[in-house]
Structure formats: C-alpha cells, structure tokens
Amino acid sequence: RSGEMAKLTQLIDNEAFRAYATYATIVLLKMMLMSLITAYFRITRKAFVNPEDTASFGKGESAKKYLRTDPDVERVRRGHLNDLENIVPFLGIGLLYALSGPELSTALLHFRIFAGARILHTLAYLIPLPQPSRGLSWAVGNTVTISMAYKVLKTALYL
C-alpha cells in the first residue's frame, strides 16, 4: 500500500540489498583498516600531531621532536582520505541503487567492481604501484558510482 514503510523482512529478502550489504561491509572494513595502518605508521615512525601522543617518548622539549610529519604516514592518510571521499558516496548511492530494483547480476557487477577498485587503489597507495594504477582504480570506482546514480535517477526521475 502506498505510504507504508518497507518492512525489514522485505529488505532481507531483496537479493540486491543483501549484495549491497555484503560489499558495503567489505569496503567499510577496508576503510577501517586504513585507520589501523595509519596508527601503525605513526607509532613505528614516531610521527605524531598531538603533544599528548608523545608522552610515552619523553616530556617537554625531548618529546617535541616527535611532533612532526612523516612521508609514509602522510601517504597512508591520503589513501584513507581518498576512501572517505569515495566510499561514503558509494554507500548512499549504492543503497538507493539496491532499492531501485536492479537485476541481481548487474548489481553484483557494480558492487564487486567498486570493491575491487577500492582494494586495488589502497594497494597502489601503500606499496606504491606505479601510476596510472592508482588513478585508473580511482576512475573505475568513481565510474561505477556514477553508473549507479544514473540508474537511480532514471528509475525514479522526479526532477
């Protein structure tokens, strides 16, 4: 009936939504892993941005030398920031896409390509792989998100 909210059981029975939930969880876990990798690099490189983080390395002037930037830490941070800029839009658009009634095979293709592109992008940042690997993996993931947005707009065009 019009005006009723979808029941949770309807979402769980929606295969495209379950596929979305699977791949959204994968890319969110990957993004969370970037926080741990950043912390690892900060600790092993002794490069901190907050004075209280240096307390275990000394006090006063002796601790100030640990308030610095490190190229390895900054590389991981840029990769994490890129995740935030790309995974957050995927989460919103992907959800709308999954609820727009796509064919399961097409939805899986979108979700798998996006997740694979984000994983490759992270590897290209961390290893680092030569360009254009990082740029291409970004472009592939971004294209997938735009493709899903187009499908959502085409399906529910209320512009």
More than 12 heavy atoms of other residues, nucleotides or ligands under 6.0 Å from [atom1] of [X]: yes or no?
X      : atom1 : value
Lys30  : NZ    : yes
Arg77  : CZ    : no
Phe57  : CZ    : yes
Gln131 : CD    : yes

State, with a plain yes or no, whether a side-chain heavy atom of [X] is found less than 4.5 Å away from one of [Y].
X      : Y      : value
Met148 : Phe111 : yes
Pro51  : Leu67  : yes
Val76  : Tyr40  : no

- Message: Can you list everything that forms a side chain to side chain contact (heavy atoms under 4.5 Å, CB included) with Thr69? Sequence neighbours excluded, please.
- Response: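 For Thr69 the side chain to side chain contact (heavy atoms under 4.5 Å, CB included) partners, ignoring immediate neighbours, are Glu74.
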- Quick one: do Tyr23 and Arg118 satisfy side-chain contact (heavy atoms from CB on, under 4.5 Å)? Show the steps, please. CA-CA 11 Å; Tyr23 287 94; Arg118 291 314 304 169; over 6 Å; no
Once rounded to the nearest 0.5 Å, what's the spacing between atom [atom1] of [X] and atom [atom2] of [Y]?
X      : Y      : atom1 : atom2 : value
Glu103 : Leu109 : CD    : CG    : 12.5 Å
Leu33  : Leu28  : CG    : CG    : 12.5 Å
Leu136 : Leu129 : CG    : CG    : 11.5 Å
Ile113 : Thr143 : CD1   : OG1   : 10.0 Å
Asn142 : Ile146 : CG    : CD1   : 4.5 Å

Which atom pair, heavy atoms only, marks the closest approach of [X] to [Y]?
X     : Y     : answer
Asp70 : Arg68 : OD1-NH1, 3.7 Å
Met31 : Leu84 : SD-CD2, 3.6 Å
Ile43 : Phe48 : CA-CZ, 4.1 Å

- Message: As a quick check of understanding, evaluate side-chain contact (heavy atoms from CB on, under 4.5 Å) for His80 and Thr122, giving each step before the final call.
- Response: CA-CA 8 Å; His80 191 195; Thr122 295; over 6 Å; no
- Task: For the pair Phe114 and Val140, evaluate side-chain contact (heavy atoms from CB on, under 4.5 Å) and give the outcome as yes or no after the intermediate values.
- Result: CA-CA 7 Å; Phe114 181 85; Val140 167; over 6 Å; no
Please list every donor-acceptor pair under 3.5 Å in which a side-chain atom of residues 86-97 meets a protein atom from a residue at least two apart or in another chain.
| residue | atom | partner | partner atom | Å |
| --- | --- | --- | --- | --- |
| Asn86 | OD1 | Trp138 | NE1 | 3.1 |
| Asn86 | ND2 | Asn82 | O | 2.8 |
| Asn86 | ND2 | Asn82 | OD1 | 3.0 |
| Tyr97 | OH | His110 | ND1 | 3.3 |

- Which ILVMFWY residues can you reach from Leu29 by hopping between side chains whose heavy atoms are under 4.5 Å apart?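 Members alongside Leu29: Met32.
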- Task: Would you check, one step at a time, whether the test side-chain contact (heavy atoms from CB on, under 4.5 Å) holds for Val152 with Leu99?
- Result: CA-CA 9 Å; Val152 169; Leu99 298 176; over 6 Å; no
- Query: Out of curiosity, does Leu126 fall in the hydrophobic cluster containing Val27 (side-chain heavy atoms, cut-off under 4.5 Å, transitive links)?
  - Reply: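 No, separate clusters.
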- Task: Following the transitive rule for hydrophobic clusters with a side-chain heavy-atom cut-off under 4.5 Å over Ile, Leu, Val, Met, Phe, Trp and Tyr, establish whether Val144 and Leu108 coincide in one cluster.
- Result: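 Yes; tracing contacts between hydrophobic side chains, which count when under 4.5 Å, links both residues.
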- Query: Hey, are Arg75 and Tyr125 close enough side-chain-wise for a donor-acceptor pair under 3.5 Å?
  - Reply: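 There is no such pair between these side chains.
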- Message: I'd like to know if the side chain of Lys151 pairs up with that of Thr155 as donor and acceptor (distance under 3.5 Å, no hydrogens or angles considered).
- Response: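 Yes, side-chain donor-acceptor contact under 3.5 Å.
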Is the backbone N or O of [Y] less than 3.5 Å from a side-chain atom of [X], with the two atoms forming a donor-acceptor pair by type?
X     : Y     : value
Thr38 : Met34 : yes
Thr54 : Asn50 : no
Asn14 : Ala16 : yes

